[in-house]
2 protein chains.
Amino acid sequence: MLRLSTKCQYGVRAMFEIAKGYNSGPVTIKEISEKQDVSVAYLEQILNQLRKAGIIKSVKGPGGGYILDKEPGSISIGAILRELEGPVAITSCLDPKEGCIRVEGCVTHLLWKSLGEKIEAFLDNMTLQDLINGSESRGEQLITITRKGKRIRK
Amino acid sequence: MLRLSTKCQYGVRAMFEIAKGYNSGPVTIKEISEKQDVSVAYLEQILNQLRKAGIIKSVKGPGGGYILDKEPGSISIGAILRELEGPVAITSCLDPKEGCIRVEGCVTHLLWKSLGEKIEAFLDNMTLQDLINGSESRGEQLITITRKGKRIRK
DNA sequence: AAAATAGTCTACTAATTCTGTCAAGTATTA
DNA sequence: TAATACTTGACAGAATTAGTAGACTATTTT
C-alpha cells in the first residue's frame, strides 16, 4: 500500500552519494552504480531528469561526474521526489493534472488531501544533510529528528 | 507519486456508505454502487475482502446488505486499507513479506520507515465517524481534527 | 590529433500490477 | 418458490514500472 517507485528510491540514494562528494568534486555514475547497486543505464535516466530540473550539475570529460547545485542542507527529499514523479497526489482527484470530478459529496477528498499535506511536509523538511548525518552516526540523528527523541535501536 | 489504488479509495467510500446506515439496517451493494459510482461487480470483490477480514458483516436475503461489525468510531481508515492491501510499506525493503537485502549501509531505510510510521499513525487515528462528521459539517470537523485548529476554507 | 573518459538522448520491451468484467453459482426470506 | 442478495473464481485489457540498448556528443589528457 502506498508504495514508492524504485525510481524514486534510487534517485534519493544516488543524490545521497552525490551529496557525500559535495566537497570533493564530481561523482561519476559508475561510482554511484557500484555503491548503490543500481544499473548505470537506469541511473543515467534518473540523473538526467534531476539535472534538467537543475538540482544537480554535470561535468563532462575525465574527472567529471555529477555535483549538487546547492549544499546538501538545502536540498530536501521532497524536492528530489517531486522532480522525479511530480507532486504528492495520493489520489487522482488531488492531481493538479486531473482534477476532482465528483467534487460534490466527495467525503474522502479532505481526508486524502490532509494526508498528502502531511507527507509532503515531512519530505520537504528532510534534507540530504540529514541523510548524511544519519549515516555517520548510525541513524541516531535521523531518528532524533524524525521521532523527536524516541530513539529506537535494533 | 505515492498513489493510493482505486480499490482502496472505493473501499473507504463504500465503508462510508455502510457506516452512514449503521443505525438504519443493512446497506446493499446496489445502493453503494449508485451513491459512490462504482460498479457492483467490483464492489462485490472489495466488500467480500472486508467481510472476510471481519470489519463488516453481510445479511442475505431480501432486505439484506452489509452492516458494520463495530460502531463507526471504532473503525479506522488504516484498518480498512490494511485489510485491502496489507500494511503501509513505502518501499519493498519495509514490506514484512520481502525484507531488506542491503541492510548494511541502507541510508534511506530509516527515512522511509519514519515516513511509513507517520502515515500509518495518521490513518489509524482517523475513523469512519470522522468522515461522517466531516460530511455533515462540510468538512470542518475533519479539518479541525487533522490540522489542529488551522482551519482552511475554500 | 587521438584516445579515453564521461555524460546525453531516444526508442524499445518485458514484466507486473491495476482495474475491472463475467458467469455460474449459493443462501435466505417473504 | 420467486425474489433478492451474496460468493467465488477465472479472465483480460490497459497502464505503469523498471529497466535495456545503442548511437551520439562533449571534454580532457597524452
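Numbered from 1 within each chain, the chains take letters A, B, ... in sequence-line order. Bear in mind that the values here come from a model prediction, so they are computed numbers and not experimental data.
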Problem - Donor on one side chain, acceptor on other, Gln9(B) and Thr108(A), under 3.5 Å - result: no

Completion exercise
With sequence neighbours left out, the residues meeting side chain to side chain contact (heavy atoms under 4.5 Å, CB included) with Thr28(B) are Lys30(B), Glu31(B)

Handout entry: side chain to side chain contact (heavy atoms under 4.5 Å, CB included), paired with Tyr10(B), selected from Leu47(B), Val38(B), Asp37(B)
Key = Val38(B)

Practice task
Give Lys57(B) one of three labels, base, sugar-phosphate or nothing, depending on what nucleic acid heavy atoms sit under 4.0 Å from its own.
Solution key: nothing

Exercise for the section: Please work out if Ile29(A) contacts a base, only the sugar-phosphate, or nothing of the nucleic acid, heavy-atom cut-off 4.0 Å. Expected result: sugar-phosphate

Fill in the blank from the handout: DNA chain D nearest-nucleotide lookup for Leu4(A) and Lys60(A): closer to the 5′ end is Leu4(A)

Handout entry: Glu44(A), nearest nucleotide to its side chain (from dG20(C), dT8(C), dT8(D))
Key = dT8(C)

Handout entry: Nearest atoms (heavy-atom pairs only) where Gln49(B) meets Glu83(B)
Key = NE2-O, 3.4 Å

Handout entry: Nearest to side-chain heavy atoms of Thr6(B), which nucleotide of dG20(C), dA18(D), dT27(D)
Key = dG20(C)

Exercise for the section: Hey, which sits more toward the 5' end of DNA chain D by its nearest nucleotide, Val59(A) or Ser39(A)? Expected result: Ser39(A)

Fill in the blank from the handout: Sorted by position of nearest nucleotide on DNA chain C, 5' first, the leading residue of Pro62(A) and Gln45(A) is Pro62(A)

Practice task
On DNA chain C, check which nucleotide each of Gly61(A) and Lys52(A) is closest to and give me the residue with the more 5' one.
Solution key: Gly61(A)

